[in-house]
Chemist: 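Take a look at the following structure, please.
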Amino acid sequence: MIQVKNLSTRYARNAPEVLHDVSFGLGEGEIGILLGPNGSGKSTLIQCLLGQMKRAEGEILIGGKPVMEMRTSDRARLLAYVPQTPSFAPSTVYDAVMLGRLPYFAFAPTKEDQDIVETVLVEMSLEHLATRNVLELSGGERQRVAIARALAQQSRILLFDEPTSNLDISAETTIAEMVKALAKKKGLTVLLSMHDINLALGIGDRFLFLKDGHLVSDGDAESVNEKTIESVFGIHAKRVYVEDKTLFIYGGNGDES
Ligand code: ADP
């Protein structure tokens with residue numbers, strides 16, 4: 001579904017390159033997790049996939065088609081994006097989610113659009129909040145509205161930029177598990193960036209580590225190891241097993257003996 005080949009990019013003609021020769025693919029129904037320190041290029045990579053980086057060199061194919069050559073409306077039908085801090089105008093939750101249908105309806109929502117919105121409200125456990133003002137919700141609820149809006153787009157690919165980083169651990173876990181369950185149920189391809197490696201291990205199929213704009217590791221849960229975490233984040237990491245779950249604990253800067 002997503003194929004990236006030798007992608008390099010920079011923000012301005014004379015600015016330094018921020019992604020260097022990045023290549024990977026993500027198949028239908030796969031959940032890929034982008035991991036890396038702040039400034040390593042996760043958001044930039046997502047912006048490239050959204051066709052927003054004008055100076056992208058290399059190839060980005062979405063559903064086999066070059067993303068840069070797609071019309072905005074075609075791209076919106078293929079890809080839905082949930083930013084770290086979604087913005088909303090004052091409106092009901094229902095209307096905010098209906099905005100996800102904009103690539104589809106010409107003048108007014110049809111019965112089909114209404115049915116789709118009602119379904120995703122249920123899927124994101126938001127039906128009881130449908131008439132509330134979206135700006136009056138908690139951060140976790142608002143992030144669920146943003147995901148519902150993306151799901152209403154009915155794209156086969158969902159891109160998330162640190163969707164849980166502003167949330168408490170309960171909302172963070174709920175959202176991560178909801179995303180996984182829905183992606184698996186609907187066979188969606190998902191790429192999300194996040195900081196919590198242990199949460200990531202619970203939901204991801206593939207783990208892509210970025211360091212200084214280089215893709216330094218790409219593989220399944222087995223590929224995530226102490227060495228990779230230490231070299232990417234510069235911290236000491238130890239793998240532990242708790243009730244047949246693999247977890248990493250961190251501490252120190254990796255310099256201690
Ligand atoms: P991450 O999402 O991993 O924190 P980013 O993709 O935001 O990393 O940043 C990668 C690099 O690109 C950093 O060096 C950052 O300073 C630079 N960068 C990000 N956004 C811009 C921008 N709008 N203009 C210029 N440089 C940017």
Side-chain angles (χ1 to χ4, degrees), residues 2-26 30-62 67-68 72 75 79-87 139 142-143 146-147 150 157-167 171-172 175-176 179 189-201 203-219 223-225 227-235 237 248 250 253-254:
I2 297 177
Q3 272 190 303
V4 173
K5 290 182 200 158
N6 308 109
L7 172 65
S8 299
T9 193
R10 62 185 82 234
Y11 278 89
R13 193 149 56 93
N14 295 319
E17 202 174 83
V18 293
L19 288 177
H20 316 284
D21 202 23
V22 170
S23 299
F24 68 95
L26 211 52
E30 260 192 313
I31 301 181
I33 314 267
L34 270 178
L35 295 149
N38 291 332
S40 57
K42 302 182 296 297
S43 300
T44 305
L45 177 53
I46 289 174
Q47 291 306 315
C48 287
L49 294 174
L50 290 165
Q52 299 298 319
M53 294 294 293
K54 300 293 166 241
R55 288 180 180 78
E57 286 168 30
E59 207 172 23
I60 304 172
L61 303 176
I62 304 290
V67 76
M68 297 302 280
T72 310
R75 206 154 53 208
L79 289 167
Y81 169 57
V82 180
Q84 187 175 351
T85 314
S87 59
R142 242 191 343 262
Q143 194 60 296
I147 296 170
I157 301 172
L158 292 177
L159 303 175
F160 294 86
D161 197 351
E162 294 182 23
T164 58
S165 60
N166 295 324
L167 306 180
E172 180 179 40
I175 285 185
V179 167
T189 302
V190 177
L191 183 65
L192 66 150
S193 63
M194 63 196 304
H195 282 296
D196 186 331
I197 297 173
N198 292 323
L199 189 60
L201 284 168
I203 62 169
D205 302 306
R206 291 267 303 285
F207 302 86
L208 302 122
F209 283 84
L210 278 174
K211 183 183 181 189
D212 300 331
H214 296 273
L215 182 62
V216 295
S217 175
D218 170 9
S223 74
V224 180
N225 59 43
K227 205 166 143 238
T228 303
I229 295 170
E230 287 182 3
S231 83
V232 171
F233 291 95
I235 49 163
F248 289 91
Y250 326 108
N253 60 12

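Just so you know, ligand 1 is whichever comes first in the structure, and atom 1 is the first atom listed for that ligand. Residue numbers count from 1 along this sequence. Remember, predicted model here, so these are calculated numbers, not experimental data.
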Chemist: Based purely on interatomic distance, does Gly41 place a nitrogen or oxygen under 3.5 Å from a nitrogen or oxygen of ligand 1?
Modeler: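 Between Gly41 and ligand 1 (N or O atoms, distance only) the closest approach is under 3.5 Å.
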Chemist: What atoms in ligand 1 come closer than 4.0 Å to a heavy atom of Val18?
Modeler: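 The list of qualifying atoms is 11 (C), 12 (O).
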Chemist: Looking at Glu57 and Ser8, would you say the former's side chain and the latter's main chain have a donor-acceptor pair under 3.5 Å?
Modeler: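 Not confirmed, Glu57 side chain does not pair with Ser8 backbone.
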Chemist: Short question: side chain of His195, backbone of Glu162 - any donor-acceptor pair under 3.5 Å?
Modeler: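 A pair under 3.5 Å: no.
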Chemist: Determine whether the side chains of Ser193 and Asp161 contain a donor N or O and an acceptor N or O closer than 3.5 Å.
Modeler: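 Yes, Asp161 and Ser193 have a side-chain donor paired with an acceptor closer than 3.5 Å.
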Chemist: Does some non-hydrogen atom of Pro37 fall short of 4.0 Å from ligand 1?
Modeler: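 Yes; Pro37 lies near enough to ligand 1 that a heavy-atom distance drops under 4.0 Å.
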Chemist: Decide, yes or no, whether a salt bridge links Arg206 with Asp218 under the criterion of side-chain N to carboxylate O below 4.0 Å.
Modeler: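 A salt bridge is present here (some side-chain N lies under 4.0 Å from a carboxylate O).
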Chemist: Is Tyr11 close to Thr44 at the side-chain level, that is, under 4.5 Å between some pair of heavy atoms?
Modeler: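 Answer yes - side chains close enough.
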Chemist: Looking at Ser40, which atoms of ligand 1 are within less than 4.0 Å of one of its heavy atoms?
Modeler: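 So the answer, numbered in order with elements, is 1 (P), 3 (O), 8 (O).
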Chemist: With a cut-off of 4.0 Å, which atoms of ligand 1 are near a heavy atom of Lys42?
Modeler: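 Those atoms are 1 (P), 2 (O), 3 (O), 4 (O), 6 (O), 8 (O).
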Chemist: Less than 4.0 Å from atom 15 (C) of ligand 1, is there any heavy atom belonging to the protein?
Modeler: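 It does not: no protein heavy atom is found less than 4.0 Å away from atom 15 (C) of ligand 1.
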Chemist: How close does the nearest protein non-hydrogen atom get to atom 7 (O) of ligand 1, and which residue and atom is it?
Modeler: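 So the nearest neighbour among protein heavy atoms is Ser43 CB, 3.8 Å.
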Chemist: Nearest protein heavy atom to atom 1 (P) of ligand 1, by residue and atom, and its distance?
Modeler: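 The closest one turns out to be Gly39 N, 3.4 Å.
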Chemist: Please confirm whether the backbone N or O of Gly36 pairs with a side-chain atom of Lys42, one donor and one acceptor, at under 3.5 Å?
Modeler: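 A pair under 3.5 Å: yes.
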Chemist: Quick one: does any side-chain atom of Asn6 pair with a main-chain N or O of Glu59 as donor and acceptor, under 3.5 Å?
Modeler: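 Between the backbone of Glu59 and the side chain of Asn6 there is no qualifying donor-acceptor contact (under 3.5 Å).
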Chemist: Should you measure from each heavy atom of Asn38, which atoms of ligand 1 turn up under 4.0 Å away?
Modeler: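 Near Asn38, the atoms of ligand 1 are 4 (O).
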Chemist: In terms of residue, atom name and distance, what is the protein heavy atom nearest to atom 26 (N) of ligand 1?
Modeler: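 Result for atom 26 (N) of ligand 1: Tyr11 CD1, 3.4 Å.
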Chemist: Relative to atom 6 (O) of ligand 1, which among Thr44, Asp161, Leu45, Thr9 owns the nearest non-hydrogen atom?
Modeler: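 Of the listed residues, Thr44 has the closest heavy atom.
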Chemist: Would you mind telling me which of Leu79, Leu49, Val190 makes a side chain to side chain contact (heavy atoms under 4.5 Å, CB included) with Ile157?
Modeler: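 That would be Leu79.
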